[in-house]
Amino acid sequence: QVPLVESGGGLVEPGGSLRLSCAASGSGLLYYTIGWFRHAPGKEREAISCISARDGSTYYEDSVKGRFTVSRDNAKNTVYLQMNSLKPEDTAVYYCNLAASYRSTWFSRHSWGQGTQVTVSS
């Protein structure tokens with residue numbers, strides 16, 4: 001298991017943008033499918049975007065499709081989540097983790113890190 005650290009969160013107004021980073025301490029991030037998850041107050045943790053380790057294919061939850069973009073920089077051993085047109089309902093703690101899927105449901109069997117807080121408010 002590769003230790004992952006999330007960063008890039010902050011306070012932004014509705015319609016604004018943020019780019020989150022998921023960095024690995026080692027050099028093996030390219031071997032893993034990485035998912036972005038978020039946990040909003042009063043809601044369950046949900047997968048919002050994933051990028052495959054095999055072919056780079058991506059997944060987006062409907063609520064973020066067209067607004068968020070996941071990408072991978074293997075040279076920097078980092079996965080990014082570009083978030084545009086942010087809405088108040090995007091407010092949550094965002095996590096990255098090794099991810100797997102069963103049918104159309106994404107999940108992680110690994111422990112969660114600290115995450116990074118994203119707050120969208122006027």
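All values derive from a computational prediction rather than experimental measurement. Side-chain atoms are counted along with the backbone in the values below, which use heavy atoms only and exclude waters and symmetry mates. For the single chain, residues carry numbers from 1 onward in sequence order.
One N or O on the side chain of Ser49 and one on the backbone of Tyr59 form a donor-acceptor pair closer than 3.5 Å. Looking at Asn97, its side chain never comes within 3.5 Å of a backbone N or O of Ala99 through a donor-acceptor pair. The closest donor-acceptor contact from the side chain of Thr78 to the backbone of Lys76 lies under 3.5 Å. Using modelled atom types, one side-chain atom of Ser108 and one backbone atom of His110 make a donor-acceptor pair closer than 3.5 Å.
Remark: aromatic rings of Trp106 and Phe37 are distant, center separation not under 6.0 Å.
The two atoms that bring Trp36 and Tyr80 nearest to each other are NE1-O, 3.6 Å, heavy atoms only. Shortest non-hydrogen contact noted between Ser52 and Arg72 is O-NH2, 3.4 Å. What you find for Glu61 and Ala47 is that their closest heavy atoms are CB-O, 3.7 Å. Contact detail for Thr116 and Gly8: the closest heavy-atom pair is OG1-N, 3.9 Å. Residue Ser17 comes nearest to Gln82 through the heavy atom pair CB-NE2, 4.0 Å, listed as atom of the first residue, atom of the second, then distance.
Note on Leu81 and Val79: same hydrophobic cluster, where clusters join Ile, Leu, Val, Met, Phe, Trp and Tyr whose side-chain heavy atoms are under 4.5 Å apart, directly or indirectly. Val93 is not connected to Leu20 by any chain of hydrophobic side-chain contacts under 4.5 Å among Ile, Leu, Val, Met, Phe, Trp and Tyr, and they are in different clusters. Taking hydrophobic clusters as Ile, Leu, Val, Met, Phe, Trp and Tyr residues chained together by side-chain heavy-atom distances below 4.5 Å, Leu98 shares a cluster with Ile48. By the rule that hydrophobic residues join a cluster once side-chain heavy atoms approach within less than 4.5 Å of another member, Val12 and Val64 end up as members of one cluster.
Distance OG1/Thr91 to NZ/Lys43: 9.5 Å, rounded to 0.5 Å. Residue Thr58 holds its OG1 atom at 14.5 Å from CD1 of Ile34, rounded to the nearest 0.5 Å. Here the CZ-OH distance, from Arg67 to Tyr60, works out to 12.5 Å after rounding to the nearest 0.5 Å. We find the CG-CG distance between Leu18 and Asp90 to be 10.0 Å, quoted to the nearest 0.5 Å. Atom SG of Cys96 is separated from atom CD1 of Ile51 by 12.5 Å, given to the nearest 0.5 angstrom. To the nearest 0.5 Å, the span separating CG on Leu11 from CD on Gln117 amounts to 9.5 Å.
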Worked check of side-chain contact (heavy atoms from CB on, under 4.5 Å) between His39 and Tyr94: CA-CA 7 Å; His39 194 181; Tyr94 284 70; over 6 Å; no

Worked check of side-chain contact (heavy atoms from CB on, under 4.5 Å) between Glu46 and Arg38: CA-CA 6 Å; Glu46 63 174 345; Arg38 67 185 180 187; 3.0 Å; yes

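For the pair Arg45 and Tyr95, the cation sits on the ring face: its NZ or CZ lies under 6.0 Å from the ring centre, inside 45° of the axis.
Using a 4.5 Å heavy-atom threshold, the side chains of Leu86 and Phe68 count as touching. Contact check for Ser121 versus Pro88: no side-chain heavy atoms found under the 4.5 Å cut-off. Contact of the Ser101 side chain with the Cys50 side chain is not registered, since no non-hydrogen atoms from C-beta on lie closer than 4.5 Å.
Ion pairing of Asp62 with Lys65 is present here, as a side-chain N (NZ or NE/NH1/NH2) and a carboxylate O approach within less than 4.0 Å.
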